[in-house]
2 protein chains.
Amino acid sequence: MLSVWHTDSMSAASLRARIRAEMSDEIKAAARKHLAIEGANLSLRAVARDLGMASSALYRYFASRDELLTALIIDAYDALGAAAEAVPVFPTAPQRWVEIAHAVRNWALANPHEWALVYGSPVPGYQAPSDTIGSATRVIFAFARVVAEAATTGHAVAGSPVDGQLGEEFHALAELALPGMAPQLAGRAMAGWIQVCGAVSAELFGQLANTIDARREFFEFQMRGTVDWIGLRA
Amino acid sequence: MLSVWHTDSMSAASLRARIRAEMSDEIKAAARKHLAIEGANLSLRAVARDLGMASSALYRYFASRDELLTALIIDAYDALGAAAEAVPVFPTAPQRWVEIAHAVRNWALANPHEWALVYGSPVPGYQAPSDTIGSATRVIFAFARVVAEAATTGHAVAGSPVDGQLGEEFHALAELALPGMAPQLAGRAMAGWIQVCGAVSAELFGQLANTIDARREFFEFQMRGTVDWIGLRA
DNA sequence: CCACACCGAGAGCACTGCTCTTGACTCGGT
DNA sequence: ACCGAGTCAAGAGCAGTGCTCTCGGTGTGG
């Protein structure tokens, strides 16, 4: 009986929580829709109108516009990470990197404003809370796993070592990915991830306008360069 | 006498124009100051307050907030281009590329919000007018010149050719930089510029937070990789 | 000398994020 | 069964925004 009471009160409590969570999800969905239409300057009143409620009611769920944006950012990180993790394991390490990169690019093309929210210029007053870093690293680890596995199976050539503070930071990075991994390889992987990021952002933010129309081929071209430089070998 | 009259009327005309230009410059300067403080969401009323005038008076000089932003963007492109062009000519092509890249990075670190304005996520409703492309290409040409000169002096190894539409676009790019230049080299130069852009943006937009503190060394590390991959040789 | 173009200021519109208060509703414990 | 506590939505309101329009004043060009 006591356990029943307990579960009852739990289910009642979780019911409230569930409704609240559903409402939060609806708000986030509406906000995402508005985000897709008019970009980062999201209007709380507009999403409230969409949901048929007063703007002030929205503050019951998100304390501020920044908090809503933070929730959207975390969701975006997670969605991107999931897209990267869903890529099937291709036979060779270079292929794996390139395919994950394509998955990242495809996600960004499908959700350009969310990509901008996450990897674009930071909102002035906004400071990303530490809640985001967990989700933010998912996609990076998807790439790191490729390099780490290549390192263990001898499919990654390590370049010349790096010393100084940068070498130590590369070492710390390597220990995170795979204990014993060559620090300079971890450094190149990190730089490679930034190249992925830069290539996608360049395309999305209009740097290729009037210059390159074969976007996918150019991205492939860049990524092949990236895996070459990192040292991944078939 | 007639010429004197002519110069008089000219100077009178240019006097009005000069006052107008000075006022425009003052507005832009104040706008830049506000931009540095609170980022891209620039308040016209705030800059008007700074200048001690009504916000409506500002519209005599810039038809809209977007037009002011456009003026700032053009100035930023020009300032960045000038910074890149001011780099002394170093003995070897790899050095030249890396030094220009450092100049770009230094300018971006000194003017982070203007960098974000130009290379960050585009403002939603805003569409960059064609006035900007002239200034936008200055910095790119600074890099292109390095590669083009290296190609003529045999200090650039051309990778494997690229065919298809991308190959044609690389060809068009090569013709712009140096007639007869290997298309794939132009393609790599373009990709290299995007890597510069991506590396600077990653640092500025907080992608390296809690990961890499030796920023300058890491940037140098990345740029050495870039010149290696492009095929620049000493 | 006068008309005309320009310039600055103010009022005003529709919008924004956000706060506070008010009234209704539901839920848990006695 | 009832009543206090907590939750929720709504409305009014504040300070701020981009932008328009109208109104006086001022200097220039013909």
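Each chain gets a letter, A, B and so on, in the order its sequence line appears, and its residues count up from 1. Just the heavy atoms: all of them, side chains too, but no hydrogens, waters or symmetry mates, feed the values below.
- Looking at the side chain of A:Y61, the nearest of the listed nucleotides D:dC8, C:dT16, D:dC19 is D:dC8.
- Spacing between atom OH of A:Y59 and atom P of C:dC18 amounts to 4 Å, rounded to whole angstrom units.
- OP1 or OP2 of D:dG16 has not a single side-chain nitrogen or oxygen of B:R49 nearer than 4.0 Å.
- Checking D:dA9, C:dT19, D:dT17 against the side-chain heavy atoms of B:R45 singles out D:dT17 as nearest.
- Straight-line distance from the CZ atom of A:R20 to the P atom of D:dC8: 5 Å, rounded to whole Å.
- Surrounding CD1 of B:I37 are more than 12 heavy atoms belonging to other residues, nucleotides or ligands, all under 6.0 Å away.
- Computed from coordinates, the A:L51 CG to D:dC8 C1' distance equals 15 Å when rounded to whole Å.
- In this structure, the nucleotide among C:dT16, D:dG18, C:dC18 sitting nearest to the side chain of A:R65 is C:dC18.
- If you take CD of A:E26 and P of D:dA9, they are 11 Å apart, rounded to a whole angstrom.
- Residue A:E22 contributes atom CD, which lies 14 Å from atom P of D:dC8 at whole-angstrom precision.
- Side-chain contact annotation: A:Q165 with A:E169, donor-acceptor N/O pair under 3.5 Å present.
- Rounded to whole Å, atom P of D:dG16 lies 13 Å from atom NE2 of B:H34.
- Comparing B:A46 and A:R60 by the nucleotide of DNA chain D whose heavy atom lies nearest to each, the residue mapping closer to the 5' end is A:R60.
- Of the side-chain N and O atoms in B:S56, none sit less than 4.0 angstrom from OP1 or OP2 of C:dG8.
- Proximity of B:S55 to the phosphate of D:dG18: no side-chain N or O atom is located under 4.0 Å from OP1 or OP2.
- Regarding B:L58, its CG atom lies at a distance of 13 Å from the P atom of D:dT20, rounded to whole Å.
- Using a 4.0 Å heavy-atom criterion, one finds that A:L42 contacts the sugar-phosphate atoms exclusively.
- As a whole-Å value, the separation of A:F62 CZ from D:dC8 C1' is 16 Å.
- Ranking C:dT16, D:dG18, D:dT17 by closeness to the B:L44 side chain, first place goes to D:dG18.
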